[in-house]
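Remarks on the structure that follows.
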Amino acid sequence: MSNKIQSIRGMHDVLPESSPHWQYLEATVNKLLTGYGYSEIRMPVVEKTELFSRSIGEVTDIVEKEMYTFEDRNGDSLTLRPEGTAGCVRAAIENGLIHNQQQRLWYVGPMFRHERPQKGRYRQFHQIGVETFGIPGPDIDVELMAMTARLWDQLGLKDVRLEINSLGSLSARQAYREILVSYFKDNFDVLDEEARNRLETNPLRILDTKNPNMAELVQNAPSLLDHLDAECAQHFETVQARLEALGIAYVVNPRLVRGLDYYSRSVFEWITESLGAQGTICAGGRYDGLIEQLGGRAGHAAGFAMGMERLLALLEEEGNLPEQPRPHIYMVTFGDEAEQAGLVLSEKLRSQLPGLRLINNCGGGGFKAQMKRADKSQADFALIMGEDELTSQSVSLKPLREAGAEQLRLNHDELIERLKQQLQA
């Protein structure tokens with residue numbers, strides 16, 4: 001016998017007992033975003049490698065170490081998408097969704113990064129992403145934060161906090177970058193190897209280090225907030241004022257950075273302490289420079305992404321995952337005629353009772369075996385049809401979850417009325 005083929009490390013099956021939790025999260029997000037006027041977009045999982053090297057940056061860990069990149073039969077370099085923003089911007093440019101327009105878009109799907117799997121971080125992971133185009137003011141920045149705050153409320157999440165920062169304009173950030181590089185060079189001996197590698201290529205990312213030996217150095221680093229131009233400072237003040245008007249608590253974290261040149265002005269993260277080191281469940285911000293960087297006309301853009309695995313882990317941690325809905329009915333039949341009559345009745349019930357969850361017994365079996373299946377299905381009732389029921393054009397309704405409840409013999413109209421009451425209860 002050949003060895004069993006197993007799933008790839010860091011890529012997991014979502015089993016039937018877990019899929020209702022995913023459906024619940026997706027449905028909650030879909031309803032929320034639709035209510036704010038956002039439309040779903042679906043992009044390919046595979047894109048040209050250049051899309052990500054140009055948008056994310058060739059000197060980032062994602063591009064250098066983590067992307068699943070391969071050459072197809074035409075010799076083109078293709079990549080499984082490591083994130084969704086670049087693909088969404090590409091799709092918007094290609095399909096004429098940006099110039100002189102406003103767009104509110106969202107998407108959901110798998111992303112791929114070849115990194116060390118750990119709790120909340122997998123090689124295939126799933127993101128819900130939101131991207132907006134053509135809206136320049138702080139109002140859309142606040143809307144993105146307000147939407148996510150409302151989502152946590154709808155999901156019943158308590159242990160989350162909002163951190164915000166401003167990365168200013170490109171010119172302000174470039175001037176700040178020189179100040180920051182000078183500061184870190186003066187303290188070069190304190191920098192770890194990763195920080196030294198980032199010093200010339202991506203110095204803002206040093207502020208995001210998790211190395212405790214560099215904590216004091218980073219804490220004392222110059223703040224970008226002290227180097228904003230007047231327009232960016234006003235933008236950030238308006239964001240804060242409107243968050244306060246909405247009653248959304250936040251913390252200004254001057255060390256919160258994205259470190260990519262296309263980010264500008266508002267950035268934010270929602271963070272929890274309940275998931276260990278992987279505490280960010282949602283991150284977003286304004287990225288006005290990316291559209292032009294990917295070949296479109298210069299324009300305004302802002303968005304966020306949230307990891308579904310982390311959100312589901314947090315929902316489980318806080319006990320907020322819904323139970324899987326049980327079937328209402330398990331149909332038990334005896335003999336060929338009863339099987340056929342049971343099948344016809346089942347379809348009649350489904351037509352007349354929207355929302356009814358009914359399982360037909362398939363594969364035969366005696367009364368005892370079928371009743372075992374009915375009990376194992378967790379159905380509320382067994383609907384029994386045999387020779388007696390065929391003769392009298394009735395069915396027997398047997399409660400399975402109420403101790404001492406009586407079995408009833410009902411005609412089809414009585415059954416429908418009884419089940420209507422059950423569904424409304």
- For the residue pair L162 and L243, establish whether any side-chain heavy-atom pair is separated by less than 4.5 Å. yes
- Task: Locate the shortest heavy-atom distance separating I248 from A146; write the atom from each residue and the value.
- Result: CD1-CA, 3.7 Å
- If you measure from the Lys or Arg side-chain nitrogens to the Asp or Glu carboxylate oxygens, is any gap between R90 and E47 under 4.0 Å? yes
- Check: A302 main-chain N/O paired with T132 side-chain donor or acceptor under 3.5 Å: yes
- Task: Give a yes or no on whether the backbone of L256 and the side-chain of N165 come within a donor-acceptor separation of less than 3.5 Å.
- Result: yes
- Ignoring hydrogens and angles, tell me if any N or O in the side chain of R123 forms a donor-acceptor pair with the backbone of H12 under 3.5 Å. no
- Message: Between R198 and E194, does any NZ, NE, NH1 or NH2 come within less than 4.0 Å of an OD or OE carboxylate oxygen?
- Response: yes
- Query: Can you tell if the side chain of L314 reaches within under 4.5 Å of the side chain of L155, non-hydrogen atoms only?
  - Reply: no
- Verify the ring-centre separation between H328 and F381: is it less than 6.0 angstrom? no
- Out of curiosity, D139 CG to T238 OG1, how far, rounded to the nearest 0.5 Å? 9.5 Å
- Item | With sequence neighbours excluded, residues passing ring pair (Phe, Tyr, Trp, His ring centres under 6.0 Å) with F334 | F367
- Message: Regarding K48 and D76, does a basic nitrogen lie under 4.0 Å from an acidic carboxylate oxygen?
- Response: no
- Query: Are Y330 and Q370 linked by a side-chain donor-acceptor pair shorter than 3.5 Å?
  - Reply: no
- Note on the structure: Smallest heavy-atom separation, M306 atom then L311 atom, equals SD-CD1, 3.4 Å
- Task: Check whether any side-chain N or O of E83 sits under 3.5 Å from a backbone N or O of A86 as a donor-acceptor pair, and report yes or no.
- Result: yes
- Message: Let me confirm one number: the CD1-CH2 distance from I164 to W270, rounded to the nearest 0.5 Å.
- Response: 10.5 Å
- Task: With rounding to the nearest 0.5 Å, note down the distance linking CZ in R409 to CG in L415.
- Result: 12.5 Å
- Note on the structure: residues 316-330 vs salt bridge (Lys or Arg N to Asp or Glu O under 4.0 Å), sequence neighbours excluded, gives R326-D380
- Task: For the pair K158 and D153, evaluate salt bridge (Lys or Arg N to Asp or Glu O under 4.0 Å) and give the outcome as yes or no after the intermediate values.
- Result: CA-CA 8 Å; K158 306 295 184 187; D153 184 59; 5.2 Å; no
- Evaluate the criterion salt bridge (Lys or Arg N to Asp or Glu O under 4.0 Å) for residue pair E163 and R161; output intermediate values, then yes/no. CA-CA 7 Å; E163 295 188 357; R161 73 176 184 273; 3.0 Å; yes
- Message: Between Y183 and V218 (side chain of the first, backbone of the second, donor and acceptor by atom type, cut-off under 3.5 Å), is there such a pair?
- Response: no
- Any donor-acceptor pair under 3.5 Å from R265 side chain to F236 backbone: no
- Quick one: do T280 and E269 satisfy side-chain hydrogen bond (donor to acceptor under 3.5 Å, both in side chains)? Show the steps, please. CA-CA 7 Å; T280 301; E269 289 187 5; 3.1 Å; yes
- Item | Sidechain-backbone polar pair: S377 side chain, A379 backbone, donor-acceptor under 3.5 Å | yes
- Query: Between E193 and R196, is there a salt bridge with N-O shorter than 4.0 Å?
  - Reply: no
- Query: Hey, is the main chain of V108 close enough, under 3.5 Å, to the side chain of Q127 for a donor-acceptor pair?
  - Reply: no
- Task: May I ask you to say whether R401 pairs ionically with D375, meaning some side-chain N is under 4.0 Å from a carboxylate O?
- Result: yes
- Task: Mind checking ring pair (Phe, Tyr, Trp, His ring centres under 6.0 Å) for H227 and listing every partner two or more places apart, or none if nothing turns up?
- Result: Y176
- Query: Centroid-to-centroid, H114 to Y68, below 6.0 Å?
  - Reply: yes
- Query: Short question: side chain of R173, backbone of L167 - any donor-acceptor pair under 3.5 Å?
  - Reply: yes
- Just by modelled atom types, is the I206 backbone N or O under 3.5 Å from a matching donor or acceptor in the T209 side chain? no
- Qualifying side chain to side chain donor-acceptor pair (under 3.5 Å) pairs, either residue in residues 19-46, two or more places apart: N30-T34, Y36-R150, Y38-E143, E40-R42
- Query: Atom CZ of R286 and atom CD1 of I135: how far apart are they, to the nearest 0.5 Å?
  - Reply: 8.0 Å
- For H235, what residues pass the ring pair (Phe, Tyr, Trp, His ring centres under 6.0 Å) criterion, not counting sequence neighbours? none
- Atom CE of M147 and atom CG of L32: how far apart are they, to the nearest 0.5 Å? 6.5 Å
- Taking the side chain as C-beta and beyond, is there a heavy-atom pair between H126 and M111 under 4.5 Å? no
- Message: E131 vs Y287, test: side-chain hydrogen bond (donor to acceptor under 3.5 Å, both in side chains). Steps then yes/no.
- Response: CA-CA 10 Å; E131 317 293 352; Y287 52 94; 2.5 Å; yes
- Taking atom types as modelled and ignoring hydrogens, do the side chains of S351 and E347 form a donor-acceptor contact shorter than 3.5 angstrom? no
- Message: The criterion is ring pair (Phe, Tyr, Trp, His ring centres under 6.0 Å); which residues satisfy it with H99, sequence neighbours excluded?
- Response: none
- Is the number of heavy atoms from other residues, nucleotides or ligands under 6.0 Å of I8 CD1 greater than 12? no
